[in-house]
Amino acid sequence: MQKIDPSVCDKLRDEYSNLFEEALLNEICDVSEYATITKGNLLIDIGDELKFIPLILKGTIKISRKENDKELALYYLEQGDTCAISFANCLHTSKSVFKGLVEKDAEMLLLPVDRIEGWLVKYESWRHYIIDSYHFRLLEMVDSIDALAFLKMKERLLKYLRNIAKSSKDSMIEITHQEISEDLNTSRVVITRLIQELHDEGDIFSTRNKIRVL
DNA sequence: ACATTAAGTGATT
DNA sequence: AATCACTTAATGT
């Protein structure tokens with residue numbers, strides 16, 4: 001494995017220097033690999049072997065579950081995130097239970113599995129980072145379950161749109177009804193009708209391929 | 001101008 | 001809320 005470019009190391013420091021101690025940053029620079037994945041490509045699919053843990057430097061990755069042809073979006077990974085779920089996964093089963101699709105061109109560092117366990121005892125900051133990450137993902141998962149169990153599709157849709165607008169820091173979302181329906185595991189027709197209602201009620205403003213959250 | 005893709009609609013379950 | 005079957009509108013070549 002070749003050493004990563006110093007400029008990538010700088011990016012890592014920009015994002016993590018207040019989180020990780022110097023020695024850990026150095027180790028990460030020494031042993032990890034740099035990867036870029038463009039929009040539309042898979043970072044990981046269900047059943048894939050997990051050989052690394054991604055540390056996201058840039059971009060967005062949609063994490064979802066899949067059963068047969070059906071799918072359900074769970075949450076998004078962004079700058080500063082890692083998939084801590086993949087962490088425990090790595091140590092034991094090593095097969096991913098999630099699908100990770102790159103939604104916005106992403107840059108990341110791939111941390112080799114065999115190192116991360118040692119860091120857990122060696123670095124307090126790493127320990128905290130992993131535990132926090134776990135906690136955060138769990139909360140997001142609970143949120144998804146709640147929405148699924150207690151909300152009507154219209155409420156789920158609005159929540160979904162607001163969530164995207166919030167995390168992308170842009171009230172203008174570029175997406176088709178078809179894509180939304182896939183994320184929420186429903187049909188396009190249903191989304192089209194609900195989008196109309198939300199539009200009429202003034203929650204959103206929608207045009208072809210675009211939705212503005214108000 | 002034509003083909004493709006996205007979105008809208010009525011009727012039915 | 002899902003599905004079918006069809007229409008209309010927007011967009012790319």
Side-chain angles (χ1 to χ4, degrees), chain A residues 35-48 54 56-79 81 83-86 89 95-108 134-214:
Chain A
T36 57
I37 305 182
T38 52
K39 183 180 169 181
N41 290 298
L42 281 178
L43 167 64
I44 189 115
D45 205 354
I46 293 171
D48 282 2
I56 314 297
L57 298 176
K58 216 178 154 210
T60 310
I61 293 153
K62 180 172 78 189
I63 302 297
S64 54
R65 277 249 73 194
K66 192 173 63 171
E67 187 81 39
N68 302 324
D69 298 335
K70 300 176 172 196
E71 218 171 307
L72 178 72
L74 291 173
Y75 53 78
Y76 296 83
L77 293 182
E78 303 194 291
Q79 185 177 66
D81 288 336
C83 192
I85 309 295
S86 64
N89 234 324
K95 291 263 168 75
S96 178
V97 297
F98 295 127
K99 170 183 166 185
L101 179 77
V102 175
E103 294 243 302
K104 282 209 308 226
D105 291 1
E107 296 175 27
M108 67 199 75
Y134 240 99
H135 182 229
F136 199 61
R137 296 301 148 220
L138 177 67
L139 291 181
E140 291 195 283
M141 213 90 89
V142 166
D143 210 49
S144 291
I145 293 173
D146 282 350
L148 215 46
F150 306 129
L151 300 184
K152 308 241 186 218
M153 188 53 83
K154 190 159 146 190
E155 303 170 293
R156 274 221 280 153
L157 172 60
L158 188 55
K159 191 182 167 86
Y160 167 88
L161 293 171
R162 284 184 170 147
N163 187 22
I164 291 179
K166 191 179 166 194
S167 60
S168 67
K169 296 186 189 73
D170 188 355
S171 66
M172 189 62 103
I173 303 167
E174 288 208 39
I175 198 166
T176 65
H177 296 179
Q178 182 64 49
E179 291 168 320
I180 298 173
S181 71
E182 282 162 15
D183 281 352
L184 297 181
N185 186 26
T186 179
S187 71
R188 191 228 93 211
V189 187
V190 169
I191 294 301
T192 296
R193 289 185 168 132
L194 293 175
I195 289 280
Q196 266 176 0
E197 289 182 33
L198 289 173
H199 179 99
D200 292 343
E201 288 162 17
D203 293 311
I204 61 174
F205 184 86
S206 90
T207 53
R208 188 188 167 100
N209 285 326
K210 286 189 180 100
I211 294 167
R212 164 151 262 138
V213 179
L214 305 171

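Residue numbers start from 1 in every chain, and the chains themselves are labelled A, B, ... in the order their sequence lines are given, proteins ahead of strands. Worth knowing before you read on, the calculation uses all heavy atoms, side chains too, and leaves out hydrogens, waters and symmetry mates.
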I need the [atom1]-[atom2] distance between [X] and [N], as an integer number of Å.
{"X": "Ile191(A)", "N": "dA1(C)", "atom1": "CD1", "atom2": "C1'", "value": "10 Å"}
{"X": "Ile180(A)", "N": "dA7(B)", "atom1": "CD1", "atom2": "C1'", "value": "12 Å"}
{"X": "Asn185(A)", "N": "dT3(C)", "atom1": "CG", "atom2": "P", "value": "9 Å"}
{"X": "Arg188(A)", "N": "dG8(B)", "atom1": "CZ", "atom2": "P", "value": "8 Å"}
{"X": "Ile204(A)", "N": "dA7(B)", "atom1": "CD1", "atom2": "P", "value": "11 Å"}
{"X": "Asp69(A)", "N": "dA2(C)", "atom1": "CG", "atom2": "C1'", "value": "16 Å"}
{"X": "Glu197(A)", "N": "dG8(B)", "atom1": "CD", "atom2": "C1'", "value": "13 Å"}
{"X": "Ile175(A)", "N": "dT5(B)", "atom1": "CD1", "atom2": "P", "value": "18 Å"}

**Message:** Base, sugar-phosphate or nothing for Thr176(A)? Non-hydrogen atoms, less than 4.0 Å.
**Reply:**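 Here Thr176(A) touches the backbone only, sparing every base.
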
**Prompt:** Mind checking whether Arg188(A) and Thr176(A) have side chains closer than 4.5 Å, heavy atoms only?
**Reply:**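 No - every pair of side-chain heavy atoms lies 4.5 Å or more apart.
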
**Asked** Just wondering, do Leu158(A) and Leu194(A) contact through their side chains at under 4.5 Å, heavy atoms?
**Response**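 No - every pair of side-chain heavy atoms lies 4.5 Å or more apart.
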
**Message:** Can you see if the side chain of Thr186(A) gets near the phosphate of dA2(C) - specifically, an N or O under 4.0 Å from OP1 or OP2?
**Reply:**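 Thr186(A) to dA2(C) OP1/OP2: side-chain N or O found under 4.0 Å.
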
**Request:** Using a cut-off of strictly less than 4.0 Å, decide whether His177(A) has a side-chain nitrogen or oxygen near OP1 or OP2 of dT5(B).
**Result:**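 Checking dT5(B) against His177(A), no side-chain N or O comes under 4.0 Å of OP1 or OP2.
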
**Request:** With salt bridge (Lys or Arg N to Asp or Glu O under 4.0 Å) as the test, would you mind laying out the steps for Lys62(A) and Glu71(A) before giving the verdict?
**Result:** CA-CA 12 Å; Lys62(A) 180 172 78 189; Glu71(A) 218 171 307; 5.2 Å; no

**Item:** Distance, nearest 0.5 Å, that separates CZ of Arg137(A) from CE of Met141(A)
**Value:**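 Result: 9.0 Å between the selected atoms.
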
**Prompt:** Measuring from Ile191(A):CD1 to Thr186(A):OG1, what's the distance to the nearest 0.5 Å?
**Reply:**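 Answer for the CD1-OG1 pair, Ile191(A) versus Thr186(A), is 5.5 Å.
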
**Request:** Could you say whether Ser187(A) or Arg208(A) is positioned toward the 5' end of DNA chain C, judged by the nucleotide with the nearest heavy atom to each?
**Result:**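 The residue mapped nearer the 5' terminus is Ser187(A).
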
Which one, [options], comes nearest to the side chain of [X]?
{"X": "Arg193(A)", "options": "dG10(B), dA1(C), dA7(B)", "result": "dG10(B)"}
{"X": "Met153(A)", "options": "dA1(C), dA7(B), dC4(C)", "result": "dA1(C)"}
{"X": "Lys152(A)", "options": "dA1(C), dA2(C), dA5(C)", "result": "dA1(C)"}

